[in-house]
Structure formats: C-alpha cells, structure tokens
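Both counts, for ligands and for their atoms, begin at 1 and track the order of listing. Heavy atoms only: backbone and side chains are in, while hydrogens, waters and symmetry mates are out.
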Amino acid sequence: MRYYFAPMEGITSYLHRAIHRRFFPGVDRYYMPFVSPSQGHAFTKREKADLSPERNAGVPAVPQLLTRRAEDFIWAAGELAHMGYREVNLNLGCPSGTVTAKGKGSGFLAFPEELERFLDEIYGVNLPIDISIKTRLGVRDEGEFPALLELYNRYPVKELTIHPRVQKDLYRLPVRPAAFAQAAEGCKLPLCYNGDLCTVADCRNIEGQYPGVEAIMLGRALVADPALVRKIQGGPPATAGELETFHNALYDAYTEAFGSRRNAMLRMKEIWYYHIHLFRDHEKHAKHIRKARETGDFEAWTASAYRELELLPELPRGLDDGTPWN
Ligand SMILES: Cc1cc2nc3c(=O)[nH]c(=O)nc-3n(C[C@H](O)[C@H](O)[C@H](O)COP(=O)(O)O)c2cc1C
C-alpha cells in the first residue's frame, strides 16, 4: 500500500512538505495544493515559489492543476514536465463555491460532455508527464458517478483518487462507503481512497475491504498527527518531544519565510486546528492557542500543550468541527 499526503491549500506548503519529510519520512507522495493556470500562461510568483524544484528537492511532490480549459492544462503540464515533475494531478474535487461557480473542481462534474472533450484533449496530446485525477462522486447525487467512472476508465489515468462525497457534502457530511464500494468494483484504473481516515484501524479497514485500492491519501488526520503514516507502517507513535521539535522547526521556517513571527503564528494556527485533537482534555489549551494575539502567548500555550497534556494513542473522530481559528 502506498500512502500519500493530501493537498491542503494554506497548510501543505513547500516548507510543510519538506519539514514533514525530514522528521516523519515514509509518505510516498505529497500532493501539492492546486494551482489555477491562467489564460495568460504564466505562473504567479507565489505559485512558482511553491512549485520550485529546488524547494521541493528530495520530496516526492506532485503538483495539482485546477482548470476547465484543456489549453491551459496542457500549457501548465508542459511547464511542470520541464521542471522535472513526472506526474500532474487534475483537481475534480474542490467543493468551494468560488471554484465550482466557475465550473472548476467538482463543479466540472456537472458538465460531463465538456469534461469528456477536456479529457480527450489532455490525454490526446501525448504530454511528457503522467496525469492522475482526484475526484468526488458528483455534484448532487452519488448516482452521477457510474457515468463519470465509465468516462475516466477510457483514459490512461495514472491513478484515480476518489473522495467519496458529492460536491454538496462539502467536507463534513458523512462519506459514502457504499458508493465507494461500487466505484471500486467498476474501476479499471489504479485506485486511491481518500476521506475521513483518522486511525491505523481506519486504514486497515480500507485495505481489507477493497483489495483493488493501491494507495491511501490522508489529509486532516496527517496534519493532526504527523506520525500517522509511520504508525500505519508499524512504527511508534510520535513522542511529545518529536512533535514539539517538528512544530518549532516549521514555526521557525515560516517566521523566516514571512519575515514575521506573527504571520507564522497565524499559519501555525491552521495546523493547531487539527493538531489539538491529538491531546487529551485539550479544551483550555485549544481556547488559549486559538485566541492568542501575541506570539509570546501562542508560544507559551503550545509549549505547555506538549509538556503538560497527554497524547492520545489515536485521533478521535470529528477533527473538523467547523469553528474557524483565525
Ligand atoms: C483546508 C483544506 C484545503 C484543501 N486544499 C485542497 C487542494 O488544494 N486540492 C485538493 O485536491 N484538495 C484539497 N483539500 C481536500 C483534501 O485534499 C482531502 O481531499 C480532504 O481533506 C478529505 O481528506 P481527509 O478526510 O483525509 O482530510 C483541502 C481540504 C482542506 C480541509
């Protein structure tokens, strides 16, 4: 089984990927947050920074594109191949309103004929880079998926990652295991499962239930517990000391990159939103970390979490309770 870090915009930056890999090696691929290639055919400065081969050296990073225009996809995939990437992922899963309103991400699933033309074009030009796909089950109804799967099956998709929710489910409505089981039966492509796995047992369940699944992609739970893949692979859970070292390395790296400890703190809070769930009886610490305005307070309360709270052996359900932290 291969294990992947899911792309998470605002969290899994090049610094996060590199530092995670340094402290917790074992993840087979790191999918990068999406880039939306513009019609002007130029990456923004920010996109270039995250895609830079030097900054991703030693990290098995896979870029992701979000677009509904084949011409823009082909341009961007060519650039990525030129930078040395061997795989590019097409985002057909993003449920955010601003993205789907433009018919991109999971919004593209509402236009199967246009999607077919798009896939014909991007798989038809013999790009020097493999194309994988990350998809949801549909827009409104999982009954949309059999036709979509029939479409994907016709192309040399390097790997199909299925997040078994529809667009309207966003991230919090339950995943749809029955629809995934049906998809796994009909899928003729290398298949990856993604969605709501929190524990070693959750991953074992997927492995046991779906022999056709070759890879598992983990997002929120791997942010919450950076040693989760190590545990799945039979290694020990992270100690508080390891977690604190990882945390401080990332915080320092963001401070240097942003030239601002305060901005680094805001970035780290995005991680604490998930990470806090790894600690037993964390309510008081969660409140103080969330509310911290001064970096000194943030640093004191995070250090105290590592030193005073007990680590849970497994993450609980409900990592994403929807209360914003910033
Ligand atoms: C804050 C956030 C940012 C995300 N950014 C992306 C992204 O850029 N591209 C993408 O394909 N999915 C993105 N996702 C979806 C995740 O990759 C993943 O599919 C989702 O979190 C479900 O997996 P999980 O339950 O293991 O977290 C994002 C999710 C979250 C919560």
Side-chain angles (χ1 to χ4, degrees), residues 3-14 16-17 20 27 29-37 46-47 50-51 61-67 73 76 87-100 104-109 131-137 159-167 169-177 180 191-203 205-206 213 215-226 228-229 232 266-275 277-278 314-326:
Y3 298 97
Y4 303 154
F5 213 132
M8 290 179 71
E9 167 68 24
I11 296 181
T12 61
S13 62
Y14 76 92
H16 187 273
R17 296 191 294 270
H20 182 267
V27 169
R29 287 179 205 155
Y30 288 78
Y31 282 82
M32 301 157 85
F34 67 75
V35 164
S36 286
R46 204 168 134 252
E47 290 168 345
D50 200 61
L51 293 167
V62 179
Q64 187 187 60
L65 297 176
L66 176 90
T67 179
F73 185 98
E87 176 186 342
V88 59
N89 186 258
L90 169 66
N91 181 324
L92 294 176
C94 184
S96 133
T98 47
V99 165
T100 57
K104 298 193 216 171
S106 62
F108 206 169
L109 305 178
I131 305 170
S132 57
I133 293 179
K134 182 164 180 269
T135 186
R136 287 195 177 225
L137 297 170
E159 189 163 65
L160 182 68
T161 297
I162 301 179
H163 177 67
R165 286 187 166 98
V166 297
Q167 180 192 309
D169 293 337
L170 299 175
Y171 286 114
R172 287 188 203 105
L173 291 184
V175 288
R176 298 163 179 260
F180 183 80
L191 180 60
C192 172
Y193 176 91
N194 165 248
D196 281 22
L197 304 181
C198 280
T199 64
V200 175
D202 289 346
C203 293
N205 270 344
I206 295 293
V213 169
I216 287 177
M217 179 185 276
L218 300 158
R220 293 166 290 188
L222 193 48
V223 174
D225 177 1
L228 180 57
V229 168
I232 296 166
L266 296 177
R267 192 50 91 89
M268 295 306 291
K269 284 191 187 186
E270 304 286 339
I271 290 173
W272 276 98
Y273 174 72
Y274 302 104
H275 187 41
H277 295 279
L278 193 56
E314 296 285 7
L315 287 166
R317 302 249 146 250
L319 294 179
D320 202 347
D321 63 9
T323 326
W325 270 43
N326 272 319

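Between the side chains of D320 and Y273, at least one donor N or O sits under 3.5 Å from an acceptor N or O.
The shortest side-chain heavy-atom distance between L197 and M217 does not fall under the 4.5 Å cut-off. Taking the side chain as every heavy atom from C-beta outward, C203 and L218 approach each other to under 4.5 Å.
In this structure, R136 is not positioned above the aromatic face of F108 in the sense of NZ or CZ being under 6.0 Å from the six-membered ring centre and within 45° of the axis.
Sorted by chain and number, the heavy-atom contacts of ligand 1 below 4.0 Å come from A6, P7, M8, E9, P33, F34, Q64, N91, K134, H163, Y171, N194, G195, D196, L218, G219, R220, Y274.
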* Asked: Run the side-chain contact (heavy atoms from CB on, under 4.5 Å) check on Y31 and K134 step by step: do they pass?
  -> CA-CA 10 Å; Y31 282 82; K134 182 164 180 269; over 6 Å; no

* Just do the side-chain contact (heavy atoms from CB on, under 4.5 Å) check on R29 and E87 with the steps written out, would you? => CA-CA 11 Å; R29 287 179 205 155; E87 176 186 342; 3.5 Å; yes

